[in-house]
Number of protein chains: 4
Amino acid sequence: MPTPDPGRRNERARQAILRAALELLADSGYADLTVEAIAARAGVGKQTIYRWWRGKGAVILDALVESATAGAAALPDTGDLRADLRAVLRGTVAEFADPKLSATTRALTIETLSDDRLAEEVRDRLLRPQLAAVADRLRAARRAGQVRADVDLDQVVELLMGPVYHRWLLRTGPLTDDYADAVVELVLTAVAR
Amino acid sequence: MPTPDPGRRNERARQAILRAALELLADSGYADLTVEAIAARAGVGKQTIYRWWRGKGAVILDALVESATAGAAALPDTGDLRADLRAVLRGTVAEFADPKLSATTRALTIETLSDDRLAEEVRDRLLRPQLAAVADRLRAARRAGQVRADVDLDQVVELLMGPVYHRWLLRTGPLTDDYADAVVELVLTAVAR
Amino acid sequence: MPTPDPGRRNERARQAILRAALELLADSGYADLTVEAIAARAGVGKQTIYRWWRGKGAVILDALVESATAGAAALPDTGDLRADLRAVLRGTVAEFADPKLSATTRALTIETLSDDRLAEEVRDRLLRPQLAAVADRLRAARRAGQVRADVDLDQVVELLMGPVYHRWLLRTGPLTDDYADAVVELVLTAVAR
Amino acid sequence: MPTPDPGRRNERARQAILRAALELLADSGYADLTVEAIAARAGVGKQTIYRWWRGKGAVILDALVESATAGAAALPDTGDLRADLRAVLRGTVAEFADPKLSATTRALTIETLSDDRLAEEVRDRLLRPQLAAVADRLRAARRAGQVRADVDLDQVVELLMGPVYHRWLLRTGPLTDDYADAVVELVLTAVAR
DNA sequence: GGTTAACCGAGACGGTACGTCGCGTCTTTAC
DNA sequence: GTAAAGACGCGACGTACCGTCTCGGTTAACC
């Protein structure tokens, strides 16, 4: 596969494809998200998709990365760890609770579950930055003496995010701000100094 | 859907189908798990599958429920909460780490992500009993004065399981016994008295 | 196959099946004429059909034979050969032109085309008597000196009926009384004395 | 049905499909003539068949038209009407008597009997030209004073062909050269001058 | 500023699986 | 033993997408 020359790439087509994918997901969900539907809605040939992406999973990932990068990069640090963590978890919960946004995450999750390579790219390009931002905030808190020195911060991040993903994935309960706050409280009890 | 008379159901066919589904998943993964393949391996007509299940997702669920019910029902209670929770999480971690068993869970997760009805059935028939068993163990510990009285035990269960699911789903790190133990430690710090 | 005992046969079921077959054909044509539909409409199990008939073709044949036998057995002989032949052909033409009756013939024809055994039974039980009746009428005419002595009367019957079947089967023109009369005229020219 | 652009059509696939259909009919008869079998033998996807034809009936028709057009277009005119008509009928009889060729006609007839649209196409594209050729020969004979002026030549054609089709369809007797000659004789008696 | 190679839209192609329908057989229960 | 009921193994149906391919028709870089 002779990787195509990115210099010749049609930017209009690229954006139309990413947009079409997100719109289809928001409108009709994963079931109608086919490569043919994306191509048709974007007014693009199927080959143009396969030329630049490995499949629809990669398209969703790019669309998500693009819109995520447009958003926040780092976490706010108000000095109040509890408040900052609540803001993060409430944000995550809100994202999962929103049907449109959730549809995209759901679709990407399906794709990653049967495509290891995509899973790694999602982790490295989409998840790691988000989780690292939270870890950074915790690191700052530790420096400020608000967090115990003997905990692995990456594990703490997973202790925070895990329950939210669990509840989203397995539908074990409602994804509300209260739940986000409760998780923060438990985690702080475990790691605060 | 005029559900057919279960009295007329062929038990041999039912078991052959469940078995075939699990074998296919163990042998070749989700990609080769088609209704046609299940039918072929089970020596059964496709219609026999569609007569009793809504699709391959429902078949996997039944297969899993059947094999789960055969296994453990309640959690052991050695009196040592830390040890018991470690055993649970190590078991979950081991299940996720095993390629064969994990393939089944992965497949079922894919199906639930695009089938709300199936998702609810998975939650109610497969997950709730497992989570309830852990909650029961925590309740016993609380009665024994080992756990704080002011925590929601269901939330604690999610605090335990969430990180493991997170790591499995998003591949953010290795699923080892050490990780299971670390999570238990953090959670105990949060809720132990 | 141990031929079932006709003595135990349920006459009500037999008639319901024949009636259901004819009704289905009249109502919705060959496409909806399935063994299952016949059984359902007749309020009968499928096995009852397969116990007594080789398939739906045989059912149609029986239904047709039953209703044909109920009708005319022999041809009228008014002494006027032309008039009598016209009556026969006009009758055949009318039958073919009628959508309900034609549907039955059409269905039976389809079945015979892929079932040699059925074809022979149709010929012997349904067609031969009809054609023989016409031949008999011609024989009487020959005795009366109205028909040449050197023609094969069976061939003359086919010369009469053939064109009508041809036009029905191949839709090469309208099936009208005029056409019936025209054929009679040509045939009489060929064989009248 | 948005008929696709014929300019993009793959000629190799088209011919492979027509050939496969004829071969299947010749080899194993109508029972084994399924769209799937045609596709498999032609090395083609099923969709390629459904893209260009309405079903297997249309495929058979095209195959037959193609091979018929390759053959004779008009009838020979030796000046001897009796000889020419005998040649035509003997040809038809031979075609019907040949198992391979007859299988094709039989299959097309079945299809035609449950598909009005196909029936019209068969009549217009396959039958009409053949019947018209015979009518033309009769017209020439009439111009030559060998045929009565007051007969409808199309009716005469049906008087010729009808009995042959009748005998083929209803199996009322053997399809031999003698029978062809006998029909010609009767018809000539009716229309010769 | 003309050539030429890659991209582009379009969509046909060989495939695979879908979910449905009907076949003819088998099994169960009732009469 | 016949009957109603209907599940069963089977196989074809016609459809939907997959990922690849081929076809003109633009571009855009390089001579």
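First the proteins, then the strands, lettered A, B, ... as listed; each starts at 1. Computed from a predicted model, the values in this text were never measured in an experiment. Side-chain atoms are counted along with the backbone in the values below, which use heavy atoms only and exclude waters and symmetry mates.
- A distance-only check finds no donor-acceptor pair linking the side chain of A/K46 to the backbone of A/A39 [under 3.5 Å].
- Counting only distance, with no hydrogens or angles, the side chain of D/T48 and the backbone of D/V44 share no donor-acceptor pair below 3.5 Å.
- For the atom pair OG1 (D/T112) and CZ (C/R171), the distance works out to 7.0 Å, reported to the nearest 0.5 Å.
- Here E/dC8 presents its P atom at 5 Å from CG of A/N10, a figure rounded to the nearest Å.
- Each of D/R9 and C/R54 lies near DNA chain E, and the nucleotide nearest D/R9 is the one positioned closer to the 5' end.
- Going from atom CH2 of D/W53 over to atom C1' of E/dA12 covers 13 Å, rounded to whole Å.
- Atom OH in D/Y50 sits about 16 Å away from atom P in E/dC13, given to the nearest Å.
- Summarising the geometry, the separation between CZ on B/R14 and C1' on F/dC8 is reported as 16 Å, rounded to the nearest angstrom.
- The separation between B/E11 atom CD and F/dC8 atom P is 11 Å, rounded to whole Å.
- Geometric assessment of A/R8 against the ring of A/W52 yields a negative cation-pi assignment under the 6.0 Å and 45° thresholds.
- Rounding to whole angstrom units, CG of residue D/D5 and P of E/dG11 are separated by 8 Å.
- Between F/dA4 and C/T48, a contact under 4.0 Å exists linking OP1 or OP2 to a side-chain N or O.
- Toward the 5′ end of DNA chain E lies the nearest nucleotide of A/G45, the other residue of the pair C/K56 and A/G45 mapping further downstream.
- Contacts of residues 26-39 of chain A with DNA chain F (heavy atom under 4.0 Å): A/T34, A/V35, A/E36.
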Step by step, work out the side-chain contact (heavy atoms from CB on, under 4.5 Å) result for A/R41 and A/E36. CA-CA 9 Å; A/R41 185 183 261 252; A/E36 297 198 333; over 6 Å; no
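- A donor-acceptor contact under 3.5 Å is formed by the side chain of C/K46 with the base of E/dG24.
- In this structure, the side chains of D/L126 and D/L108 come closer than 4.5 Å at one or more pairs of heavy atoms.
- Between E/dC13 and D/W52, a contact under 4.0 Å exists linking OP1 or OP2 to a side-chain N or O.
- Within 3.5 Å, a donor on the side chain of B/Q47 pairs with an acceptor on the base of E/dC21, or the reverse.
- Regarding C/I49, its CD1 atom lies at a distance of 12 Å from the C1' atom of F/dA4, rounded to whole Å.
- Counting non-hydrogen atoms under 4.0 angstrom, C/G55 reaches nothing in the nucleic acid.
- Looking at which nucleotide of DNA chain F each of C/G43 and B/R51 is closest to, the 5′-most match is held by C/G43.
- The structure places NZ of A/K56 at 8.5 Å from CD1 of A/I110, a figure rounded to the nearest 0.5 Å.
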